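Being a predicted model, the structure only gives us computed values, none of them experimental. Numbers here simply count residues along the sequence, with the first being 1.
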Amino acid sequence: MTDSSERPDGCNAEADAVVLDAKGLRAMAHPVRVQLVGLLRKYGPSTATRLAERLGVNSGTASYHLRQLGAAGFVQEDTERGNARERWWRSVHQRTWFNDPNLAEREPEATLAYLQSVAATYTLRVQQTLNELQTMPRAWRDDFDMSNWALRLTPEETAALRQEFRDVVARYRPDTPEAAASAPKGAERVDVIMHVLPELDLSSAPADPSSPEKATGTETS
């Protein structure tokens with residue numbers, strides 16, 4: 001965890017972000033936990049029962065994973081809402097950063113499990129939008145986009161592209177309670193999901209193509 005107002009990549013970031021260490025990486029290396037944290041960040045405090053209904057799992061499973069997340073410092077009980085009958089949980093942070101190549105090398109299995117969980121969550125988010133596309137207002141359907149561009153870049157050029165994209169996104173209104181309160185009429189939540197996927201030719205592939213070092217630089221919210 002970090003109290004710095006700077007992202008690991010040097011850009012300004014929210015103070016309520018967490019940078020994954022070894023303990024946090026292992027705690028988040030499960031798809032249900034990634035989704036639980038995401039739901040609490042998006043919709044606010046909730047109970048294990050309500051979260052379980054959203055995820056399609058039983059409440060016991062949700063409760064177990066919430067306790068594990070609590071032990072790792074990602075969520076905590078919302079004592080102002082809870083009572084003797086049900087416990088409410090809230091997210092401690094609004095964003096998660098993972099961009100430590102050394103940690104990825106030390107924890108290859110946890111790294112892969114975490115990144116696969118994040119990827120699965122993104123896939124579910126895209127599918128949700130597709131399922132709702134036909135019933136969306138025309139203005140939102142017209143703004144929906146799924147695109148890809150095949151480029152041929154060096155690692156340095158790829159890093160520059162990624163930073164430029166982040167700089168563009170940073171110019172727009174974030175989805176926070178404060179921003180929502182002052183947003184103009186008609187503003188809704190918009191998820192911008194970025195994938196930068198190296199596709200190495202076999203002739204130029206490294207000796208260990210499964211190395212998790214290339215998977216760093218991940219941000220989830």
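When all heavy atoms of G73 and H93 are compared, the pair lying nearest together is O-CE1, 3.3 Å. Between L103 and A22, the shortest heavy-atom contact is CD1-CA, 3.6 Å. The two residues L69 and L36 have their closest heavy-atom pair at CD1-CB, 4.1 Å.
Not a single salt bridge (charged side-chain N to carboxylate O under 4.0 Å, His left out) links D145 to another residue, sequence neighbours left out. Residues passing the salt bridge (charged side-chain N to carboxylate O under 4.0 Å, His left out) test with K42 are D191, sequence neighbours excluded. Remark: A27 engages A72, F74 in a side chain to side chain contact (heavy atoms under 4.5 Å, CB included) (not counting sequence neighbours). Not counting sequence neighbours, E157 has no partner by the salt bridge (charged side-chain N to carboxylate O under 4.0 Å, His left out) test.
Residues R33 and S117 form no side-chain contact, since every pair of their non-hydrogen atoms from C-beta on lies 4.5 Å or further apart. Using a 4.5 Å cut-off on side-chain heavy atoms (C-beta onward), H65 and V57 make no contact. Taking 4.5 Å as the limit, some side-chain heavy atom of W89 sits within range of a side-chain heavy atom of R87.
Applying the side-chain hydrogen bond (donor to acceptor under 3.5 Å, both in side chains) test to pairs two or more places apart or on separate chains, those with a residue in residues 46-59 are N58-T61.
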T176 vs Q94, side chain to side chain contact (heavy atoms under 4.5 Å, CB included): CA-CA, chis, key distance, verdict: CA-CA 9 Å; T176 64; Q94 284 301 309; 5.9 Å; no

Verdict with supporting geometry, L25 and T111, side chain to side chain contact (heavy atoms under 4.5 Å, CB included): CA-CA 7 Å; L25 176 62; T111 294; 3.5 Å; yes

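In this structure, Y114 and F98 have perpendicular ring planes: the angle between them is above 60°, well past the 30° mark.
Within 6.0 Å of the CG atom in N148, the count of heavy atoms belonging to other residues, nucleotides or ligands does not exceed 12. Within 6.0 Å of CZ in R138 there are 12 or fewer heavy atoms belonging to other residues, nucleotides or ligands.
We find the CZ-CZ distance between R95 and R41 to be 9.0 Å, quoted to the nearest 0.5 Å. Distance check: Q127 CD to E132 CD gives 10.5 Å after rounding to the nearest 0.5 Å.
Criterion: ILVMFWY side-chain heavy atoms under 4.5 Å apart, direct or through other members. Under it, V190 and M136 are part of a common hydrophobic cluster.
Alongside V168, the hydrophobic cluster contains Y172 (criterion: ILVMFWY side chains under 4.5 Å).
Defined by atom type and a distance below 3.5 Å, a donor-acceptor pair is present between the side-chain atoms of R125 and T129.
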